[in-house]
There are 2 protein chains.
Amino acid sequence: MKYKNYTISDIKEMLTQQGIKPSIQRMKILEYIVKNRNHPTVDMIYNAIKFEIPTLSKTTVYNTLKELVKKGILIELLIDENVIRYDMNISPHVHFKCKICGKIYDYDMNCEIFEKKEIDGNRIEKYNVYLFGICKECLKKGDGRHGN
Amino acid sequence: MKYKNYTISDIKEMLTQQGIKPSIQRMKILEYIVKNRNHPTVDMIYNAIKFEIPTLSKTTVYNTLKELVKKGILIELLIDENVIRYDMNISPHVHFKCKICGKIYDYDMNCEIFEKKEIDGNRIEKYNVYLFGICKECLKKGDGRHGN
DNA sequence: TATATAGTTGTAATAATTATAAACTTGAAA
DNA sequence: TTTCAAGTTTATAATTATTACAACTATATA
């Protein structure tokens with residue numbers, strides 16, 4: 001899946017367009033996510049940015065991410081049992097997680113089920129699709145044998 | 001979605017077939033899940049069963065669920081941000097969660113994407129599909145208006 | 001400059017889950 | 001029946017992600 005290259009002014013605009021004041025903390029947090037596209041946890045973001053903003057508080061990371069999710073810029077990935085990961089909100093968009101190395105891959109997947117707006121009378125507003133298995137690199141290393 | 005009616009000896013057999021000794025704790029835990037089909041959390045299970053087994057420890061509930069997931073009898077639902085829910089492993093099987101009342105519905109959903117065994121060279125072993133929106137009952141109550 | 005508002009920070013509180021070790025059960029062997 | 005070992009359950013403590021909160025800081029406007 002190919003990603004758009006975001007400049008710093010793209011990032012600023014994403015924030016202001018949603019009515020979020022582009023503070024240095026918020027810009028760095030969002031920049032980290034759009035530049036890396038590595039489905040980071042709060043800790044990953046915090047540890048990556050604290051060198052640039054030494055006073056950064058983890059609470060700010062939590063607050064910012066919650067705000068960005070609410071505005072629809074980011075989505076939460078509930079793909080790990082014990083921690084929330086974050087990604088750009090680019091839909092429709094599915095995630096594959098390797099059970100060996102833990103890496104998460106993004107894929108476009110257009111399918112008629114994503115077009116459905118209701119099921120059994122319930123109104124569908126959002127789909128989360130997670131795939132699990134063994135990624136191509138781990139298959140190559142281990143040949144996918146021995147219970148891999 | 002229609003559920004099978006499980007008897008107590010069905011439950012015992014599910015455990016023994018997987019090489020799990022059918023202790024009273026394990027049988028009651030599994031029975032609660034198969035009889036209720038309400039996607040319970042650890043706390044829901046613990047609180048429901050502790051009257052029948054007053055010495056029950058929450059650790060036993062955690063241990064048992066972990067074991068049943070490993071054996072493939074149950075699946076974990078990562079549909080809430082802060083707690084793991086459990087359900088029978090009946091596939092293919094998707095979950096809808098209402099953002100108003102929180103209720104989770106089960107649906108069969110056969111779709112050609114669930115047949116895919118690989119994507120971009122990655123071997124797919126499992127799909128988790130979560131739908132979010134407003135359920136039919138909440139739509140009826142609120143007419144689905146006012147930002148519902 | 002003064003002041004109000006929004007944003008950030010550090011600490012403490014909460015809550016789910018896991019680790020650990022002791023106590024208990026069970027069933028087979030002596 | 002007694003003994004013993006393996007497996008199971010229990011209670012407590014530890015860990016960890018997340019949230020609550022109150023003090024502090026920066027910013028924008030009058």
Side-chain angles (χ1 to χ4, degrees), chain A residues 11-12 14-33 39-71 73-87 102, chain B residues 11-12 14-16 18-32 39-71 73-87 102:
Chain A
I11 287 162
K12 191 177 236 171
M14 288 170 77
L15 293 170
T16 49
Q17 278 203 347
Q18 292 295 335
I20 300 174
K21 200 170 287 184
S23 68
I24 184 68
Q25 289 88 345
R26 288 165 173 170
M27 289 181 57
K28 286 290 178 192
I29 290 167
L30 183 52
E31 183 187 27
Y32 178 84
I33 296 170
H39 318 91
T41 63
V42 163
D43 266 39
M44 289 165 71
I45 298 168
Y46 174 74
N47 288 319
I49 298 179
K50 71 174 179 214
F51 300 104
E52 299 184 74
I53 310 175
T55 63
L56 183 68
S57 164
K58 209 176 275 189
T59 302
T60 298
V61 181
Y62 275 103
N63 290 341
T64 298
L65 293 172
K66 183 151 285 196
E67 191 72 9
L68 295 177
V69 168
K70 194 186 287 177
K71 296 294 191 177
I73 296 173
L74 301 181
I75 56 173
E76 291 180 335
L77 301 188
L78 304 182
I79 201 169
D80 272 1
E81 291 171 29
N82 49 352
V83 69
I84 300 176
R85 293 178 171 274
Y86 293 87
D87 196 10
Chain B
I11 287 161
K12 190 177 238 172
M14 288 170 76
L15 293 171
T16 49
Q18 292 295 335
I20 300 174
K21 200 171 288 184
S23 68
I24 185 69
Q25 290 88 344
R26 288 163 173 171
M27 290 182 57
K28 287 290 178 190
I29 290 167
L30 183 52
E31 183 186 28
Y32 178 84
H39 318 91
T41 64
V42 163
D43 265 40
M44 288 165 71
I45 298 168
Y46 175 74
N47 288 318
I49 298 178
K50 71 173 179 216
F51 299 104
E52 298 185 74
I53 310 175
T55 62
L56 183 68
S57 162
K58 209 176 275 188
T59 303
T60 299
V61 182
Y62 275 103
N63 290 342
T64 299
L65 293 173
K66 182 152 286 195
E67 192 71 10
L68 295 177
V69 168
K70 194 186 288 177
K71 296 295 190 176
I73 296 174
L74 301 181
I75 55 173
E76 291 180 335
L77 301 188
L78 305 183
I79 201 169
D80 273 0
E81 291 170 30
N82 49 353
V83 70
I84 300 176
R85 292 177 172 274
Y86 294 87
D87 196 8

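A, B, ... follow the sequence lines: proteins, then strands. Residue 1 opens every chain.
For the residue pair B:Gln25 and B:Ile53, the shortest heavy atom distance occurs at CA-CD1, 3.9 Å.
Remark: B:Ser23 is in phosphate contact with D:dT9, judged by side-chain N or O atoms under 4.0 Å from OP1 or OP2. Of the side-chain N and O atoms in A:Tyr62, none sit less than 4.0 angstrom from OP1 or OP2 of D:dT19. Here A:Gln25 does not reach the OP1 or OP2 of D:dA26: none of its side-chain N or O atoms lies under 4.0 Å away.
Of the possible donor and acceptor atoms, one in the side chain of A:Arg26 sits under 3.5 Å from a partner among the backbone N and O of A:Lys21. Between the B:Arg85 side chain and the B:Leu77 main chain, no donor and acceptor come within less than 3.5 Å of each other.
To the nearest angstrom, C1' of C:dG7 lies 18 Å from NZ of A:Lys28. Per the geometry, CD belonging to B:Glu67 stands 17 Å off P belonging to C:dT17, to the nearest Å. Rounded to whole Å, the distance from CD1 on B:Ile24 to P on D:dT9 is 10 Å. Rounded to whole Å, the distance from CZ on A:Arg26 to P on D:dT27 is 13 Å. Here D:dA17 presents its P atom at 13 Å from CE of A:Met44, a figure rounded to the nearest Å. To the nearest angstrom, P of C:dT26 lies 18 Å from CD1 of B:Ile20. Residue A:Tyr86 contributes atom OH, which lies 10 Å from atom C1' of D:dA17 at whole-angstrom precision. Going from atom CG of B:Asp80 over to atom P of C:dA15 covers 15 Å, rounded to whole Å.
A side chain to side chain contact (heavy atoms under 4.5 Å, CB included) with A:Ile73 is found for exactly one of A:Leu65, A:Ile11, A:Leu30, namely A:Leu30.
A heavy-atom distance below 4.5 Å is not found between the side chains of B:Asn82 and A:Ile84. Taking the side chain as every heavy atom from C-beta outward, B:Val42 and B:Tyr86 approach each other to under 4.5 Å.
If you find the closest nucleotide of DNA chain D to B:Gly19 and to B:Glu81, the one lying nearer the 5' end belongs to B:Gly19. Along DNA chain C, the nucleotide nearest to B:Lys21 and the one nearest to B:Lys66 differ in position, and the one closer to the 5' end is contacted by B:Lys66.
More than 12 heavy atoms of other residues, nucleotides or ligands lie within 6.0 Å of NZ in B:Lys50, so this atom counts as buried by the packing criterion.
Within a heavy-atom distance below 4.0 Å of DNA chain D, the residues of residues 45-61 of chain B found are B:Thr55, B:Leu56, B:Ser57, B:Thr59, B:Thr60.
If you check every strand for non-hydrogen atoms under 4.0 Å, B:Asn82 touches sugar and phosphate atoms only.
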